[in-house]
Amino acid sequence: MEKGNGCCFSIMASSATITFFLVGITLVMCRVLYAMHKSSKPLRKRAPQPVSTLIVLGSGGHTAEMLNLLSVLQKDRFSPRIYIAAVTDNMSLQKARLFENSLADENGVGAVKTAQFMQIYRSREVGQSYITSVWTTLLAIVHALQLMIKIRPQVILCNGPGTCIPLCAIAFLFKVLGIRWSSIFYVESIARVKRLSLSGLLLYKLRIADELFVQWPQLQRKYPRAHYVGCLM
């Protein structure tokens, strides 16, 4: 009799564990779908208050395009600005510092008060084998998590460098967990005429980006959720 009761109790415990697990998975999936749905909706207009902005830089022309974009934005609106680039990309941060110094000369405000400069581990270097890139990708994700916990930006601006993927993924995770809602704006490079870059495609397909902008009309026709804004260069 005792053996039968023990067996029955074990079955009930297993059933409760499975039920708890399924409920947990359902809640997580609902939260993920909610974050994806809300990210795909137009952003509500808010009071013109400064928002902390994370700006992802990258080599190969990405930094030049990003700084050109920043030059026409309202600097007081996107402040403080946190620039981030790969640890092997010192040139991009140097250009960002020169850009901020030029703003300081124009406004008489020290760049150090409105800008920060950080570096992140790169997921994969050019020419690196895919086997070894598994470890470097995990390292980049952990580093991105540390940086996002520290920065917790309200806005993320990126335009294609691979370093934006772990940062945007962590930002989306924070949305799902209700930690921080960072609005992600992705501007595809002008060099992308017929198809999105891998970074843009991931953010588009996974609905991670709140707004995705393209600079060629044929791209908008191919990816209808993207916004065509014309050539920004």
Backbone N/O of [Y] and side chain of [X]: donor-acceptor pair under 3.5 Å:
| X | Y | value |
| --- | --- | --- |
| N101 | R97 | yes |
| S52 | P153 | no |
| S102 | F99 | yes |
| R152 | I179 | yes |
| T63 | G58 | yes |
| Y186 | I208 | no |

Check against side chain to side chain contact (heavy atoms under 4.5 Å, CB included), I165 and L198: CA-CA 10 Å; I165 296 300; L198 179 59; over 6 Å; no
Under a 3.5 Å threshold, yes or no: a donor from one side chain and an acceptor from the other, between [X] and [Y]?
| X | Y | result |
| --- | --- | --- |
| Q220 | H227 | no |
| E188 | S197 | yes |
| S189 | E65 | yes |
| Y228 | Q215 | no |
| Q119 | D89 | no |

What's the separation between atom [atom1] in [X] and atom [atom2] in [Y], rounded to the nearest 0.5 Å?
| X | Y | atom1 | atom2 | result |
| --- | --- | --- | --- | --- |
| F172 | I184 | CZ | CD1 | 8.5 Å |
| H62 | N159 | NE2 | CG | 6.0 Å |
| I151 | S182 | CD1 | OG | 9.5 Å |
| T88 | I120 | OG1 | CD1 | 11.5 Å |
| L203 | I156 | CG | CD1 | 9.5 Å |
| Q49 | Q154 | CD | CD | 9.0 Å |

Using side chain to side chain contact (heavy atoms under 4.5 Å, CB included), reason through F185 and V155 one step at a time and then give a plain yes or no. CA-CA 7 Å; F185 298 97; V155 170; 3.7 Å; yes
Can you check whether [X] reaches [Y] side chain to side chain, under 4.5 Å on heavy atoms?
| X | Y | result |
| --- | --- | --- |
| R207 | R225 | yes |
| Q116 | R81 | no |
| R192 | W216 | no |
| Y204 | L196 | yes |
| T53 | P80 | no |
| V51 | R77 | yes |
| L54 | M148 | yes |
| M118 | L147 | yes |

Write down the atom of [X], the atom of [Y], and the distance for their closest heavy-atom approach.
| X | Y | answer |
| --- | --- | --- |
| R122 | A86 | NH2-CB, 3.5 Å |
| C158 | C164 | CB-CB, 3.7 Å |
| P161 | V56 | CG-CG1, 4.0 Å |
| S59 | S92 | N-OG, 4.1 Å |

D210 bridged to K175 by N-O distance under 4.0 Å: yes
Evaluate L67 against Y83 for side chain to side chain contact (heavy atoms under 4.5 Å, CB included), listing each step before the verdict. CA-CA 11 Å; L67 295 181; Y83 296 89; 4.3 Å; yes
Side-chain heavy atoms nearer than 4.5 Å, only ILVMFWY residues, links allowed to pass through others: does that put L98 and L73 together? no
Under a 4.5 Å side-chain heavy-atom rule over Ile, Leu, Val, Met, Phe, Trp and Tyr, are V229 and L69 clustered together? yes
Start with the C-alpha distance between L138 and V142, add both sets of side-chain angles, then the distance that settles side chain to side chain contact (heavy atoms under 4.5 Å, CB included), and finish with yes or no. CA-CA 6 Å; L138 292 175; V142 172; 5.6 Å; no
